[in-house]
Structure formats: C-alpha cells, structure tokens
Amino acid sequence: PDVFERVAEGLLTPQDGSAATYGREKMLVAGRELDCIVMSFTREGMGERAWFSPEVTVTGVVRHERGGTVILELLDWGKD
C-alpha cells in the first residue's frame, strides 16, 4: 500500500511505537510538487516530523526533522 493507504490502515507509525499526529502538506522537490503525509511525534523527548509521499519510491521519505533541524531531505531522484 502507498503511504496514504498505510496511514488510513494505521500502519505508518513511529518505530518506537510512540503516539503520532498526521497531516498533509505539499513539498517542492527538484521543481516538482509532491503531496505528502506529515507525521509528527516525540522520540527521546525531542519533537520530530517526517514527510512521506507515494511518489518517492523505495522509502517514501521526502524530509525528516528532529528538534527543528533537518536530518534527511530528498533533493532529487532519477528520471520518470
């Protein structure tokens, strides 16, 4: 299932099992607008946010922030 289906089925959760809230945002990557699910949660006392899109193959991860600092960000990917 894609990331939107996984959220609807309760399958997209933080790895440590902590509670999360979900929203939707558009992210711009390499000139392409991606519709993303944003998962917000707290791990080890620090706030985290992760953006996922079904348009991003393999992991679906578009961006990940921890304590307001970007720790992972998709900048580009292969051709369609």
Side-chain angles (χ1 to χ4, degrees):
D2 74 26
V3 68
F4 299 113
E5 293 167 340
R6 290 174 62 202
V7 168
E9 295 171 9
L11 300 175
L12 183 66
T13 59
Q15 290 177 338
D16 66 358
S18 60
T21 59
Y22 301 89
R24 286 181 84 156
E25 289 183 23
K26 303 270 188 201
M27 296 289 287
L28 190 63
V29 177
R32 185 171 174 181
E33 190 174 80
L34 303 176
D35 190 18
C36 298
I37 288 286
V38 184
M39 180 173 65
S40 302
F41 57 99
T42 300
R43 180 170 37 191
E44 298 173 2
M46 190 167 294
E48 296 195 32
R49 291 178 48 152
W51 289 255
F52 300 91
S53 174
E55 296 179 65
V56 177
T57 57
V58 184
T59 66
V61 178
V62 176
R63 182 180 175 111
H64 190 138
E65 293 179 357
R66 184 163 201 211
T69 300
V70 177
I71 59 173
L72 179 105
E73 185 172 29
L74 180 66
L75 300 175
D76 204 352
W77 69 94
K79 304 284 184 216
D80 289 336

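Sequence positions, counted from 1, serve as the residue numbers for this chain.
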Quiz item: If every non-hydrogen atom of Ser53 is compared with every non-hydrogen atom of Leu34, which pair is closest and at what distance?
Solution: OG-CB, 4.0 Å
Exercise. For Glu65, check salt bridge (charged side-chain N to carboxylate O under 4.0 Å, His left out) against everything at least two apart and list the hits.
Key: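 Glu65 satisfies salt bridge (charged side-chain N to carboxylate O under 4.0 Å, His left out) with Arg63 only.
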Do [X] and [Y] have side chains that approach each other closer than 4.5 Å (heavy atoms only, starting at C-beta)?
X	Y	value
Asp76	Val29	no
Val61	Leu74	no
Ile37	Trp51	no

Quiz item: Can you list the steps and then say if Leu28 with Lys26 is a side chain to side chain contact (heavy atoms under 4.5 Å, CB included)?
Solution: CA-CA 7 Å; Leu28 190 63; Lys26 303 270 188 201; over 6 Å; no
Quiz item: Is Leu72 linked to Met39 within one hydrophobic cluster, defined over Ile, Leu, Val, Met, Phe, Trp and Tyr using a side-chain heavy-atom separation of less than 4.5 Å?
Solution: yes
Quiz item: Linking I/L/V/M/F/W/Y whenever any side-chain heavy atoms sit under 4.5 Å apart, do Met46 and Val38 land together?
Solution: no
Quiz item: Any side-chain hydrogen bond (donor to acceptor under 3.5 Å, both in side chains) pairs touching residues 33-42, not counting sequence neighbours?
Solution: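 Applying side-chain hydrogen bond (donor to acceptor under 3.5 Å, both in side chains) to every pair that reaches into residues 33-42, excluding sequence neighbours, yields Arg24-Asp35.
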Self-check item: Pairing residues for Glu55 by the side-chain hydrogen bond (donor to acceptor under 3.5 Å, both in side chains) criterion, not counting sequence neighbours
Solution: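 Counting only residues at least two positions away or on another chain, Glu55 forms a side-chain hydrogen bond (donor to acceptor under 3.5 Å, both in side chains) with Arg32.
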